[in-house]
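What follows is a short report on a single structure.
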Amino acid sequence: MCFYGGRGLTLPESDYFCSLTFPAPRPLSKPIPMHHLSEQEQIRRNKLDELRSLGIDPYPSELFDVNFYAQEIQDNYHPELNNFQEVTLAGRLMSVRVMGKASFAELMDSSGRIQLYVNRDEICPGEDKTLYNAVFKKLLDLGDFIGVKGYVFKTQVGETSVHVKELVLLSKSLHPLPVVREAVDEATGEKKTYDAFTDPEARYRQRYVDLVVNPQVRDTFVKRTQLVQAMRNYLNDKGYLEVETPILQPLYGGAAARPFKTFHNTLDMTLYLRIANELYLKRLIVGGFDGVYEFSKDFRNEGMSRFHNPEFTQMELYVAYKDYYWMMDLVEEMVERVAMALHGKTEVQVGQNVINFQRPWKRFTMAESIQHFTGVDISELDEEGLRAAAKQLHVPLDPSMGKAKIIDEIFGEHVEPKLIQPTFITDYPVEMSPLAKKHRSKPGLVERFEAICNGKEICNAFSELNDPIDQRQRFEDQLELGKRGDTEAMVLDEDFLRALEYGMPPTAGLGIGIDRLSMIMTNSNSIQDVLFFPQMKPEKLEKAPAKPEADNS
RNA sequence: GAUUCUGUAGCUCAGCUGGUAGAGCAGUACACUUUUAAUGUACGGGUCCUGGGUUCGAAUCCCAGCGGGAUCACCA
């Protein structure tokens, strides 16, 4: 069966490379005056025409079945085994070294790279040497997708290579890729990279280019996905239900943050993009599920930094009949498992530090941690005393700050940045946690913990507040804050209160920042490095020619 | 939002006290049948982010704007 026709310059005996009737050459493409073309871009466009005039479709439709990937050949080829003697590979052409009638090239597929050996008389066994002399040497460019068939061997210098017997163009690249090259320094044995594609703006805007030329970027995103999969597997094994809740919400809730606002035309109403999942997931616990979780994009209309993107990913989990101590155990186990899944060990290099996620993690109450790092015992202090302590510790305050906020400032200034190894901080002031249950024995505190790692919070969890009367009071306190101008104060969600009134079992809840955890697990310095397409201002592109207005008459 | 650095060829970067731009890689052409940052020779390639200003003359100095990075503030 021939399912790969349309190639004029390929070998007829191959399934993939069979020759059928040529497609009629299209009219030569003229330079399209959409934007300024560089010399190299124009040359590549000209090559399209030349290819078509040779009967070669630069964008063939037929599938191209590969039977191996570059990496598995690199890993498993042994000359004495004489394996990989019929391989079909496809990928981008990343380098070419022409040496007369033979050439070396590098093919990159989704797994990695492998060298190709292309010999004129092997790919052109007959009189016609056009495929080699014209197509391969002149009309192919770095970045083009090609397919090859051949056998694997080792060159004299020991490089595992594919001896190409057949070669086809699968897709022409019109935009030159950055040419990044690597070499091993003979003196030091270190790998050196030349002309790396490093400009952050270009890398983030054109992530596709970043992914093509920077293999470590690809690794980072694969690890991010593995992280999510490891968590999902863990939670599924426990029998919890993955669910989906609304992103467009008439009321936003579950966190202290400013929302994005949008509008639904048919309903004629304002909607908000969710800032957290909490209130919907708890409704599902009310509804009778024992354990529910959601990986969710949340949206917060706030400042951006290397730790903040306007949309970010959280995993929230709620489990009935549990409390926050139980949830700490779960977090330890789950994150340890993530580290193992990604690195095969519990230690992870992050910047200058090696972070060890092995259980058990250290646990301090917030007051203990402050005492440990500052020597000040805040647990018995009133607002006046806290203010004095903050001043002594050089923590800047403003007069509007209450007791809880002052404690939070001291903690943020003197404790959090020093917690490098994963550490649980427990028992927060009630004013900062309007959705958490009051502590069973410590007045003024709630049953809440955060896990801090590398100086940053990676998760936040409580014994969930399920007393509807208390919850209403907390919401009303938030409304007061809102009236006083706190733009992040929570709004009162009457339906959520109604749900609690029906009764919610004691429940432990968790929110874990997937982007933050990904940064740590991949040793990334910026959230932009763990988001494929971080939010950026629009790029100034040259204007396309004005489109005629659609005729709606 | 504040401070600061930054924007030059497809990529990485030079470009001094102002005189209309250079290098390496990439590209084009030729040579070369096991190379590997292949090599050799030759040749092309620029809206110096944008707009003003100063000047005989601006990539360079000044002002404004746009984009980006870093740090800080708010936040996860």
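Here is how names work: the chains are called A, B, and so on, in the same order as the sequence lines, proteins then strands, and each is numbered from 1.
Within 4.0 Å of A/Lys137, counting heavy atoms only, lies no atom of the nucleic acid at all. If you check every strand for non-hydrogen atoms under 4.0 Å, A/Ala257 touches nothing. Looking at heavy-atom distances under 4.0 Å, A/Asn525 makes no contact with the nucleic acid at all. Residue contacts for A/Arg306: at a heavy-atom cut-off of 4.0 Å it reaches the sugar-phosphate backbone alone, with no base atom in range. No engagement by A/Gly513 is indicated, since no non-hydrogen atom pair under 4.0 Å with the nucleic acid exists. Across all strands shown, A/Ser103 has no heavy atoms under 4.0 Å from either base or sugar-phosphate atoms. A/Met304 comes within 4.0 angstrom of a base, heavy atoms only. A/Phe104 comes within 4.0 angstrom of a nucleotide base, judged by non-hydrogen atoms across all strands.
Rounded to an integer number of Å, the gap from A/Leu142 CG to B/rU28 P is 9 Å. Put simply, CD1 on A/Ile275 is 18 Å from P on B/rC74, counting in whole angstrom units. For A/Phe197 and B/rG24, the CZ to P distance is 23 Å, given to the nearest whole Å. When the P atom of B/rU12 is taken as reference, atom CG of A/Asp210 falls 11 Å away, rounded to whole Å. Following rounding to the nearest Å, A/Asp199 (CG) and B/rU8 (P) show an atom-to-atom distance of 8 Å. At whole-Å resolution of the value, CD1 in A/Ile43 and P in B/rA9 are 17 Å apart. When the P atom of B/rC32 is taken as reference, atom NZ of A/Lys129 falls 15 Å away, rounded to whole Å. Distance, A/Gln535 CD to B/rG67 P: 13 Å, rounded to whole Å.
A donor N or O paired with an acceptor N or O is not found under 3.5 Å between the base of B/rA37 and the side-chain atoms of A/Glu182. On a pure distance criterion of 3.5 Å, a polar donor-acceptor pair joins the side chain of A/Glu39 and the base of B/rG44. The base of B/rG10 is paired with the side chain of A/Gln40 by a donor and an acceptor separated by under 3.5 Å.
Summarising the base pairing, B/rA29 is matched to B/rU41 through a Watson-Crick or G-U wobble pair whose two defining distances lie under 3.5 Å. Pair check for B/rU54 finds none; no Watson-Crick or G-U wobble contact set falls under 3.5 Å. Pair assignment for B/rC13 gives B/rG22, based on Watson-Crick or G-U wobble hydrogen-bonding distances that are each under 3.5 Å. Here B/rU71 sits opposite B/rA2 as a Watson-Crick or G-U wobble pair (both hydrogen-bonding atom distances under 3.5 Å).
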Apply ring pair (Phe, Tyr, Trp, His ring centres under 6.0 Å) to A/Tyr324 and A/Phe462, showing your working. CA-CA 5 Å; A/Tyr324 77 134; A/Phe462 346 115; 9.5 Å; no

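Side-chain proximity of A/Lys101 to B/rU33, B/rG24, B/rA37: nearest is B/rU33. Taking every side-chain heavy atom of A/Lys537 into account, B/rG67 is the closest of B/rG10, B/rG67, B/rG24. Closest to the A/Met536 side chain, of the nucleotides B/rG68, B/rC25, B/rU71, is B/rG68. Distances were taken from every side-chain heavy atom of A/Val98 (C-beta onward) to each of B/rC32, B/rU33, B/rU36; the shortest belongs to B/rC32. Comparing B/rU34, B/rG69, B/rA76 against the side chain of A/Tyr117 picks out B/rU34 as the nearest. Taking only side-chain atoms of A/Arg97, from C-beta outward, the nucleotide of B/rU33, B/rU36, B/rG67 with the closest atom is B/rU36.
A/Arg181 has a side-chain polar atom (N or O) that falls below the 4.0 Å cut-off from OP1 or OP2 of B/rA26. The side chain of A/Gln528 contributes an N or O atom lying less than 4.0 Å from OP1 or OP2 of B/rG69. Within the structure, every side-chain polar atom (N or O) of A/Lys138 is placed at least 4.0 Å from both OP1 and OP2 of B/rG27. Contact annotation: A/Arg205 reaches the phosphate of B/rG68 (side-chain N/O to OP1 or OP2, under 4.0 Å).
Residue A/Phe312 and nucleotide B/rA76 are classified as a stacked aromatic pair, their ring centres being separated by less than 5.5 Å at an interplanar angle below 30°.
Annotation: cation-pi pair A/Arg181/A/Tyr194 absent, no NZ/CZ under 6.0 Å from the ring centroid and within 45° of its normal.
For B/rU20, the base adopts the syn conformation, since its glycosidic angle falls within 90 degrees of zero.
Ring pair A/Tyr293/A/Phe295 is perpendicular by interplanar angle, where above 60° counts as perpendicular and below 30° as parallel.
You'll find the ring centres of A/Phe104 and A/Tyr117 inside the 6.0 Å limit.
Not a single donor-acceptor pair under 3.5 Å links the side chain of A/Lys137 to the backbone N or O of A/Val98.
Counted by atom type alone, A/Ser95 and A/Glu106 present one or more donor-acceptor pairs between their side chains at under 3.5 Å. A/Asn309 and A/Gln535 share no side-chain donor-acceptor pair at under 3.5 Å. If you check the side chains of A/Gln115 and A/Arg97, you find a donor sitting under 3.5 Å from an acceptor.
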